[in-house]
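Shown next, in structure tokens, is the structure this report addresses.
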2 protein chains.
Amino acid sequence: MMPADEFVARIRSGDVRALARAVSLVENGAPESRELLSTCFPMSRRALRLGITGVPGAGKSTLVSHLVQAWRAEGSKAAVVAVDPSSPFTGGALLGDRIRIQERAGSLDEINGIYVRSMATRGALGGLAETTGEVVDVIAASGRDVILIETVGVGQDEVEIVRLADVTVVVVVPGMGDAVQSLKAGIMEIADIFVINKADREGADRLEKEILSMQSLVGVPVAVNQWSAPVVKTVGTTGEGVEDLFAAIGRRSQWLAQEGRLTARREAFWRNRIEKMLREALINEAGVHGIGQQEMGEYAEQVAMGTVDPYQLIPALTKRLFNSSKELQ
Amino acid sequence: MMPADEFVARIRSGDVRALARAVSLVENGAPESRELLSTCFPMSRRALRLGITGVPGAGKSTLVSHLVQAWRAEGSKAAVVAVDPSSPFTGGALLGDRIRIQERAGSLDEINGIYVRSMATRGALGGLAETTGEVVDVIAASGRDVILIETVGVGQDEVEIVRLADVTVVVVVPGMGDAVQSLKAGIMEIADIFVINKADREGADRLEKEILSMQSLVGVPVAVNQWSAPVVKTVGTTGEGVEDLFAAIGRRSQWLAQEGRLTARREAFWRNRIEKMLREALINEAGVHGIGQQEMGEYAEQVAMGTVDPYQLIPALTKRLFNSSKELQ
């Protein structure tokens with residue numbers, strides 16, 4: 001493989017194939033990916049990460065398409081990372097574009113100057129949020145101004161993914177029954193902007209009242225952050241209200257740019273992420289020092305037979321790992 | 001606190017209060033719990049772990065009550081660990097018993113010679129399966145012959161809990177719509193025995209066909225294990241079919257006792273569990289060696305500001321941890 005700095009130089013020059021390859025390496029956790037991520041890191045900070053989350057069928061992809069075009073109209077470069085397996089982006093469709101690419105999940109395509117990447121959600125159980133964060137970093141390093149991350153807001157994985165966004169937009173729809181309820185756990189609290197999409201439907205006003213009353217119940221984030229998440233009404237199919245949404249995102253970005261708020265938000269994200277990285281690194285290093293898959297398998301057998309006590313084994317292994325060199329002194 | 005061996009001696013002598021205290025220590029992850037678990041370990045292997053899982057309302061608790069009495073009738077000692085927050089055992093009720101204890105989740109009670117413990121599911125996010133496994137080990141060490149673990153079979157936590165069972169009974173009910181579908185992910189594959197409870201309801205035969213066709217689709221475990229999970233029909237309220245269920249559990253236990261199958265099953269469980277224990281121990285040890293909460297917080301801030309590259313930081317920290325003593329030589 002070519003050296004990481006040459007690779008990244010190609011990515012920055014606009015080479016979509018190089019970017020697609022880099023994203024795949026990172027997604028697959030290839031050995032080269034660490035150096036690649038390290039080289040990308042200083043260039044990936046500038047891009048705004050915008051999370052768009054909501055139940056399937058809320059119209060997230062349509063809103064994403066509108067937003068991406070709003071950014072393009074003002075000369076900003078955007079990219080879309082779709083983690084929602086039901087997203088039409090998996091089909092490569094961007095509203096208003098004539099081009100439809102037969103895209104499979106896992107490929108990266110440029111559609112009218114906009115990068116679109118759909119994440120392979122299968123088989124990434126548990127680590128999907130980490131992988132998505134890394135993919136976003138690589139795409140950001142290619143010189144994008146904003147990365148939109150589209151995800152369904154239901155599972156634990158999705159809540160994790162939302163964490164990596166600087167600005168989180170939660171999309172709800174009238175008449176979806178307990179939609180607000182089903183999103184409640186964790187999502188309501190981290191919304192920076194609420195969107196009531198399909199607002200021409202009956203029940204939009206009632207839904208707005210529900211959100212506002214829930215906000216007043218939760219209360220705390222508003223007081224701490226001095227940012228009260230606005231509720232914006234949109235009709236994705238006609239584009240109605242998208243301007244308001246775009247303006248709300250702009251206001252939130254400006255607000256974040258002040259008094260170190262963006263850094264504080266990203267610090268909270270990295271606090272969690274580097275601990276996970278350290279955990280992975282430690283268990284891998286244990287493998288290097290002889291406590292690998294095979295040895296663990298043998299211990300498991302002995303524990304199952306009752307010849308090894310796991311509650312003594314683990315402290316002994318840990319001690320051995322951390323003190324092995326000391327004993328040589 | 002009294003020494004662990006004295007503690008365990010009391011537990012084995014039938015001191016319910018000592019057992020309740022030991023279970024609480026383990027559930028709270030108290031410092032004494034490791035020695036306690038270690039002392040219990042050799043005595044905890046003999047008990048059969050029976051998992052009973054199914055959607056809320058499937059009648060699991062009623063079946064558990066019947067089974068417990070069947071064991072008592074043949075002179076075996078049983079205990080119940082209820083992880084289902086909707087379980088009536090939280091109210092301390094055992095079918096056929098006059099005694100109703102006003103039990104709060106987290107207490108342990110003896111009802112007509114049967115220990116009943118309901119797990120506090122709140123606040124144990126992520127670690128519920130580990131804690132349940134440890135609680136089961138302590139109760140097993142008290143000299144029980146069988147521990148019934150009742151759990152709702154829907155979330156990831158619950159699938160993890162099922163793993164610690166030697167024999168897994170999956171309870172479904174006719175007319176609960178997509179009950180089989182909602183259990184499908186992971187649960188269908190690990191069922192050793194299927195129970196169609198409330199089998200006097202319409203749709204029991206259709207449900208049986210669904211299960212059988214699903215089994216033939218999955219297929220593989222049957223061929224590998226040479227054990228085809230039987231489908232037993234019961235009516236919990238009348239006790240109909242409970243005898244068949246009890247017999248099926250007996251057959252499965254005898255099958256497991258042969259050719260090291262029980263050890264193999266437990267080995268798979270311990271393989272997963274000791275790796276988790278090692279991961280926890282390593283990150284704790286990192287804290288002891290100066291990479292604790294505070295230092296990680298400082299790194300997170302620097303990463304967020306862009307002055308530290310996380311992809312270089314983590315390998316450096318890992319190297320420092322594992323080689324710190326070597327450098328002194």
Side-chain angles (χ1 to χ4, degrees), chain A residues 33-42 45 125 156 260 262-275 277-286 288-289 291 296-297 299-306 309-315 317-319 321-329, chain B residues 33-42 45 156 260 262-275 277-286 288-289 291 293 296-297 299-306 309-315 317-319 321-329:
Chain A
S33 61
R34 207 194 82 200
E35 203 188 335
L36 206 55
L37 284 163
S38 183
T39 313
C40 287
F41 178 73
R45 294 182 65 239
L125 261 171
Q156 187 55 38
L262 182 62
T263 304
R265 176 131 184 173
R266 290 184 173 178
E267 187 184 327
F269 162 71
W270 280 108
R271 179 70 190 75
N272 188 280
R273 172 106 164 255
I274 61 175
E275 184 177 318
M277 288 169 74
L278 182 61
R279 281 172 181 265
E280 280 314 302
L282 290 177
I283 199 81
N284 288 341
E285 194 67 15
V288 172
H289 289 256
I291 306 179
M296 289 299 270
Y299 288 134
E301 194 184 342
Q302 290 161 334
V303 171
M305 290 190 302
D309 170 356
Y311 304 103
Q312 291 185 10
L313 169 72
I314 299 302
L317 286 181
T318 311
K319 203 175 169 184
L321 274 169
F322 281 92
N323 296 333
S324 52
S325 329
K326 271 187 193 151
E327 283 159 16
L328 295 172
Q329 288 170 35
Chain B
S33 61
R34 208 194 79 202
E35 204 189 334
L36 206 55
L37 284 162
S38 183
T39 312
C40 286
F41 178 72
R45 294 182 63 240
Q156 187 54 38
L262 182 62
T263 303
R265 176 132 183 173
R266 289 184 174 178
E267 186 183 327
F269 162 72
W270 279 108
R271 179 70 190 74
N272 188 280
R273 173 108 165 253
I274 62 174
E275 184 176 318
M277 287 169 75
L278 182 61
R279 282 173 182 264
E280 280 312 303
L282 289 176
I283 199 80
N284 288 340
E285 195 66 16
V288 172
H289 288 257
I291 306 179
Q293 297 297 316
M296 290 298 270
Y299 288 135
E301 194 184 341
Q302 290 161 335
V303 171
M305 291 190 300
D309 171 354
Y311 304 103
Q312 291 186 11
L313 169 72
I314 298 301
L317 286 182
T318 310
K319 205 173 170 187
L321 274 169
F322 281 92
N323 297 333
S324 52
S325 330
K326 270 186 194 154
E327 282 160 17
L328 294 173
Q329 288 170 37

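Worth saying up front: this structure is predicted, and the values here are computed from it rather than measured. Below, chains carry the letters A, B, ... as their sequence lines are ordered, and counting in each starts from 1.
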Aromatic ring pairing F322(B)/H289(A), orientation class (parallel under 30°, perpendicular over 60°, tilted between): parallel
Heavy-atom contact with chain A under 4.5 Å, split by part of P310(B): both
Test log, rule side-chain contact (heavy atoms from CB on, under 4.5 Å), inputs M277(A) and Y311(B): CA-CA 9 Å; M277(A) 288 169 74; Y311(B) 304 103; 3.7 Å; yes
Max heavy-atom pair count under 4.5 Å with chain A, selected residue of Q293(B), E280(B), Q302(B), R45(B): R45(B)
Where M296(B) and L278(A) come nearest, the two heavy atoms and their spacing: CE-CD2, 3.8 Å
Option in L313(A), T318(A), V303(A) with maximal non-hydrogen atom pairs under 4.5 Å from chain B: V303(A)
Proximal component of I291(A), with respect to chain B [non-hydrogen, under 4.5 Å]: side chain
Exercise: identify the closest heavy-atom pair between M305(B) and T263(A): CG-CG2, 3.4 Å
NZ on K319(A) to CD on E285(B), rounded to 0.5 Å: 9.5 Å
Rounded distance [0.5 Å steps], CG in L317(B) versus CG in L282(A): 9.0 Å
Chain A contact via F41(B) - which portion, at a heavy-atom distance below 4.5 Å: side chain
Over all atoms of both residues, closest heavy-atom pair of Q312(A) and S38(B): NE2-OG, 3.1 Å
Chain A contact via R34(B) - which portion, at a heavy-atom distance below 4.5 Å: both
Structural part of R273(B) lying under 4.5 Å from a heavy atom of chain A: side chain
Heavy-atom pair count under 4.5 Å with chain B, highest-scoring of P42(A), A286(A), P315(A): P315(A)
